[in-house]
Amino acid sequence: MASDIERLLLTPAQIADACARLGGEIGSRLSGRDVTAVCILKGSSLFFADLMRCVDMPVAFDFVRASSYGSAAESSGDVSVSHGGVCVCGKTVLLVEDIVDTGRTISKVKSHMLDLGAKEVFVAALLDKPSRRVVDFHADFVGFEIPDEFVVGYGLDYNEKYRNLPYIGVLKRTVYEK
């Protein structure tokens, strides 16, 4: 599996430091609010778990699945959202996303939460790839800004694989351009 990685982008220690930093920022900024943290499945699950352990305030949890259809390496831009069951009416929602790329998915999920009655919606993203943005979107809390490269690990996948890597690495082109 490691032989499919062109190079290491972020180490486990760098990711842990970012989770601690973001957890502190979230706790400071959202303190005193009725917060529901929503994990966007599947890619955000590892980040969500680590980040939430760094947030020092009461937080409810929920999960959504957002999917866009297309090839394994490219999204079609058509995003569908299925929501768990926790009522977000009148609450502050913190969406936890692995990566903000084009901005389509996170924009759709944020709109979905507002449509469900959320009072306000904030976004925490481990990775931000602004060079690929096609929708005007800015996350409220960002771990790292990264270049336009295909990354996997720490929840991020290619064809449902590589999520279990403890780091984030750049996937070799030969793997996804087969």
### For P147, side chain to side chain contact (heavy atoms under 4.5 Å, CB included) partners two or more places apart
E149
#### Entry: Heavy-atom side-chain proximity of D157 to V152 below 4.5 angstrom
no
#### Entry: Selection residues 26-39 - residue pairs positive for side chain to side chain donor-acceptor pair (under 3.5 Å), sequence neighbours left out
R33-E120
### Task
Please report the closest heavy-atom contact between G23 and V55, naming both atoms and the distance.
CA-CG2, 3.9 Å
#### Entry: Side-chain donor/acceptor of T92 to backbone N/O of V35, under 3.5 Å
no
#### Entry: Under 3.5 Å donor-acceptor, D140 side chain and V123 backbone
yes
### Message
Going by the rule side-chain hydrogen bond (donor to acceptor under 3.5 Å, both in side chains), which residues pair with D136 if we only count those two or more places apart in sequence or in a different chain?
### Response
H138
#### Entry: With sequence neighbours excluded, residues passing side chain to side chain contact (heavy atoms under 4.5 Å, CB included) with D17
none
### Gap separating the CG atom of L126 from the CG atom of L51, nearest 0.5 angstrom
9.0 Å
### Non-hydrogen side-chain atoms of K108 and V135 separated by less than 4.5 Å
no
#### Entry: Any donor-acceptor pair under 3.5 Å from R7 side chain to K172 backbone
no
### Summary
Residue set satisfying side-chain hydrogen bond (donor to acceptor under 3.5 Å, both in side chains) with E160, at least two apart, ordered chain then number -> K42, R163
### Query
Taking only residues two or more places apart in sequence or in another chain, which ones pass side chain to side chain contact (heavy atoms under 4.5 Å, CB included) with S111?
none
### Task
Applying side chain to side chain contact (heavy atoms under 4.5 Å, CB included), name anything that partners V142, two or more places apart in sequence or on another chain.
D128, A139
### Query
Is the number of heavy atoms from other residues, nucleotides or ligands within 6.0 Å of NZ (K119) greater than 12?
no
### Summary
So ring-ring contact (aromatic ring centres under 6.0 Å, His included) across residues 11-40, not counting sequence neighbours, yields none
### Summary
Those residues at least two apart in sequence (or on a different chain) that pass side-chain hydrogen bond (donor to acceptor under 3.5 Å, both in side chains) with Q14 are T11
### Task
Sequence neighbours left out, what passes side-chain hydrogen bond (donor to acceptor under 3.5 Å, both in side chains) with Y162? Give chain and number order.
D4
### Query
When rounded to the nearest 0.5 angstrom, what distance separates CZ in F122 from CG in L94?
8.5 Å
### Message
Using a 3.5 Å distance criterion without hydrogens, assess whether the side chain of S45 forms a donor-acceptor pair with backbone atoms of L41.
### Response
no
### Task
Mind jotting down which residue pairs meet the ring-ring contact (aromatic ring centres under 6.0 Å, His included) criterion with at least one end in residues 29-53? Sequence neighbours excluded, please.
F48-F61, F48-F63
### ring-ring contact (aromatic ring centres under 6.0 Å, His included) partners for Y154, two or more places apart
none
### Message
Looking at R21, I want to see if its CZ is surrounded by more than 12 non-hydrogen atoms of other residues, nucleotides or ligands under 6.0 Å.
### Response
yes
